[in-house]
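One structure is given below, encoded as structure tokens.
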2 protein chains.
Amino acid sequence: MPNSFTPQAAGDLNYLKSLNRSTILSTARRHPGLSRADIALETGLTKATVGSVVQTLVERGWLREGELHARGGGRPGRALYLDGDRHYMLGAEVGVKGLRLVACNLVGEILASCHLEEPPSDPVTTATCLAKLLNQLREAPAIAGRRCLGLGVAVPGPVSPTAPILSLAPNLGWIDVDFLALLREEPDLPDGVWLLDNEANAAAFGEFYFFEGMPPESLAYISADIGIGCGVVSGEHFPVVPRGYQGLVGEIGHTVIQPGGALCHCGNRGCAETLVSGWALRESLGLDIDDSLSASVRARAGEADVQALIQRAGEALGLLMLNLHHTLNPSMLILGGSLMWLKGPLIEPALAYFEAHQNDLLRQSQSVPIKIIEDSTFTAARGAAAQVMARAAIEV
Amino acid sequence: MPNSFTPQAAGDLNYLKSLNRSTILSTARRHPGLSRADIALETGLTKATVGSVVQTLVERGWLREGELHARGGGRPGRALYLDGDRHYMLGAEVGVKGLRLVACNLVGEILASCHLEEPPSDPVTTATCLAKLLNQLREAPAIAGRRCLGLGVAVPGPVSPTAPILSLAPNLGWIDVDFLALLREEPDLPDGVWLLDNEANAAAFGEFYFFEGMPPESLAYISADIGIGCGVVSGEHFPVVPRGYQGLVGEIGHTVIQPGGALCHCGNRGCAETLVSGWALRESLGLDIDDSLSASVRARAGEADVQALIQRAGEALGLLMLNLHHTLNPSMLILGGSLMWLKGPLIEPALAYFEAHQNDLLRQSQSVPIKIIEDSTFTAARGAAAQVMARAAIEV
DNA sequence: ATCATTTAGTTAACAGATTTTACTAACCAT
DNA sequence: ATGGTTAGTAAAATCTGTTAACTAAATGAT
């Protein structure tokens, strides 16, 4: 059952209808090609109910009928798929280094995208700029004739769990920004579901929602960028991103892993971010925020202290993964963010540390698959779009 | 909406009925004394629905009518309360140092309790012993005439999220024990809901479910005992304990907070448990597992190195609390477990560390209330009983 | 004391959801 | 072709919460 399906727990017949519609839709999403009868079996609903619900979902452009099943026996079932042709969602990421935008369809394919490599200034200017780019994106031919389900925006900082407000983005210098309100001031933007979420949460959600193949029970997406954060998702039909009381779930960059260590910009010593983050590594290498970290590291790859620095960062990342496993215990780990451009020299020590320090609690059980996203340019933006779809799907 | 309400997401009319009944019951639990009309307002259901549901809940002994409301205006409402007189739940903790048993009623009052201070040996003997004690407990006069809702058992180790099996209890030397199956072999035990859960999870659930006054949005219960673990709960009407993929959520004792530090029994170095746990402190003081830690510490309170040891343990606990806050972000922290007998010398450094290291991410928002349970003898057992009630309540 | 007013709670008719049951559709093996 | 099997649909039945009208019980003004 969904945790975030409706704000209140009690429900009427309308609610029940909507719940079952969403469940059927979700079943079709997670198992493409099932027939009505398969879905009935899978969900526990009757053929009659599934039949009538599927009919409305097809009419409204959420599902499409595919080929006939070819398993012997009686009458073959008609395969059902999410309809990728009649809707789209907008997703955007306001990143420290620029804006990234995507439009994608119900199966997670990116229909059009755009990125502007220019650090955002103040919220108002950024909103205006983003609105302009969004409207440009909507002109893309791949989108023509589709209905827009809404807009999701990912931001580099914790978002209040009770209101769509960015509490703090240290790397942008923004505090308590109601970014969606600013966007609403802009002309010509589409209606629909509007969402704001933390960048790591959005990315995690997207990777989970649009997972190719058998989706994991849960996953954590570690976003290793200027700062380091993490988003968690779990839940079969209605994936839930735990946010915690103040939206700090997954703020692992500020967990202390080296008491008395280097001073962090948060005021504490020994935060994970002092060892592994675009911020700390640039500082150690004497780079500016705009400099390319991976290029510099590659250029100085021969220097022993640079090697040691990256090695230490990798090990810290591995330690974070281990600690994450003992606190959030996801069934899969995904590594993303611009630090992945450092590739092997960072990633290998991280994986090695993680492997080498599996303790009794873990060794018993099967190991945790780890996926690395080398280019996560649009991961968060696409994830924000996925969140829009998930929300829109419960209203249909 | 509940996360653990039913295994499948789709629902029929029966499900809807059960959902609303549970929601009404939960509303009465969380706000004792509301009238039918108040509950209707609170849940969004109509007076008619609430009226009919309340009638059956009163008939079945879950709710009782109380006094008339005294607010001016029209006809006064009739206050409703959970009925503490017609049911009871059994809760038991299989602890490293012995067995603890309680029987409690729907409002969380302990009607009868029992504890045996003798370390459990093998699972079978322990099950036999526990069954005997449970049946003794059921003879208690305070229980006479009540219906038993079931039995919850708390154990000192992770429980598989998919089956009620204790995966690993290092301090008991138990591995993959199906303790409930062993209990089922014993004669004369009552029917009803049977549950097995980790001790910290059970304690956390109980503190949340039977919270006196306005319950927090979520809470984490840190169990500081021989080992150190943590349980998390959140969810208004249907509190959920996240368990993770392998039941390791909250196994914070094995998060590494001092890389290269002392060797832990899990094989790694620098686990939190090497700094703050009954196990590590006893080892440092040269004590046996059966010795009283708090007595020894009090006896040697004058020694500087003992003071320093406890101080360091307290600081490590504070650090754990801080890291917990940045990963699980509960709205309230509860400290329990036998280490709390060390009182001020342990607790004060922990609180001081936690206060002193609030960083920007936290300082913004309101501070986190911390509650200390000095005597948590029956906390986990009562929590297990609470879990039984929660489960039974959705079936009524 | 009586009456209007207000709120609480109940009752009966209603609308809407899923299920049940029966049916038709479509394929395969004999 | 025919029987067996599975997919999907249609109509009746069942059960849910809602709506609307009612009764019940208190307050306060007359």
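In what follows, every heavy atom counts, from backbone to side chain, and hydrogens, waters and symmetry copies are set aside. No experiment lies behind these values; they were computed from the predicted model shown. Just so we're on the same page: letters track the sequence lines, and every chain starts at 1.
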Return the value, rounded to whole Å, for the distance between atom [atom1] of [X] and atom [atom2] of [N].
X: Leu80(A); N: dG8(D); atom1: CG; atom2: C1'; value: 11 Å
X: Leu41(B); N: dA8(C); atom1: CG; atom2: C1'; value: 13 Å
X: Leu68(B); N: dA24(D); atom1: CG; atom2: P; value: 16 Å
X: Gln55(B); N: dT11(C); atom1: CD; atom2: C1'; value: 11 Å
X: Leu34(A); N: dA7(D); atom1: CG; atom2: P; value: 12 Å
X: Arg75(A); N: dT6(D); atom1: CZ; atom2: P; value: 14 Å
X: Ile39(B); N: dA8(C); atom1: CD1; atom2: C1'; value: 13 Å
X: Tyr15(A); N: dT18(C); atom1: OH; atom2: P; value: 13 Å

Report task. Ignoring backbone atoms, establish whether Arg36(A) has a side-chain N or O less than 4.0 Å from OP1 or OP2 of dT9(D). Result ->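 Looking at the OP1 and OP2 atoms of dT9(D), one of them is under 4.0 Å from a side-chain N or O of Arg36(A).
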Requested in this report: Taking ring-ring contact (aromatic ring centres under 6.0 Å, His included) as the test, write out the residues that go with Tyr88(B), two or more places apart.
Outcome: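 Result, ring-ring contact (aromatic ring centres under 6.0 Å, His included) vs Tyr88(B): none returned.
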Report task. Could you tell me whether Gly77(A) contacts a base, only the sugar-phosphate backbone, or nothing, with contacts defined as non-hydrogen atoms closer than 4.0 Å? Result -> sugar-phosphate
Query raised in the report: Taking atom CD of Glu67(A) as the centre, does the number of heavy atoms from other residues, nucleotides or ligands within less than 6.0 Å exceed 12?
Result: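 Above 12, so yes.
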**Report entry** Thr23(B) side chain to Asn20(B) side chain, donor-acceptor N/O pair below 3.5 angstrom
**Finding:**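 No - no donor-acceptor pair under 3.5 Å links their side chains.
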Query raised in the report: Can you name the closest pair of heavy atoms from His69(B) and Gly33(B) and give their distance?
Result: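 In this case the closest contact between His69(B) and Gly33(B) is NE2-O, 2.7 Å.
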Query raised in the report: What are the two closest non-hydrogen atoms of Val241(B) and Phe205(B), and how far apart are they?
Result: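 Taking every non-hydrogen atom into account, CG2-CD1, 3.7 Å.
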Requested in this report: Could you check if a side-chain atom of Met89(B) sits within less than 4.5 angstrom of a side-chain atom of Leu106(B), using non-hydrogen atoms only?
Outcome: yes
Within the sub-3.5 Å range, which N or O atoms of nucleotides 13-20 of chain D have a protein N or O partner, and how far apart are they?
unit_1: dG17(D); atom_1: OP1; unit_2: Asn20(B); atom_2: ND2; d: 3.1
unit_1: dT18(D); atom_1: OP2; unit_2: Thr46(B); atom_2: N; d: 3.1
unit_1: dT18(D); atom_1: OP2; unit_2: Thr46(B); atom_2: OG1; d: 2.9
unit_1: dT18(D); atom_1: OP2; unit_2: Thr49(B); atom_2: OG1; d: 2.8

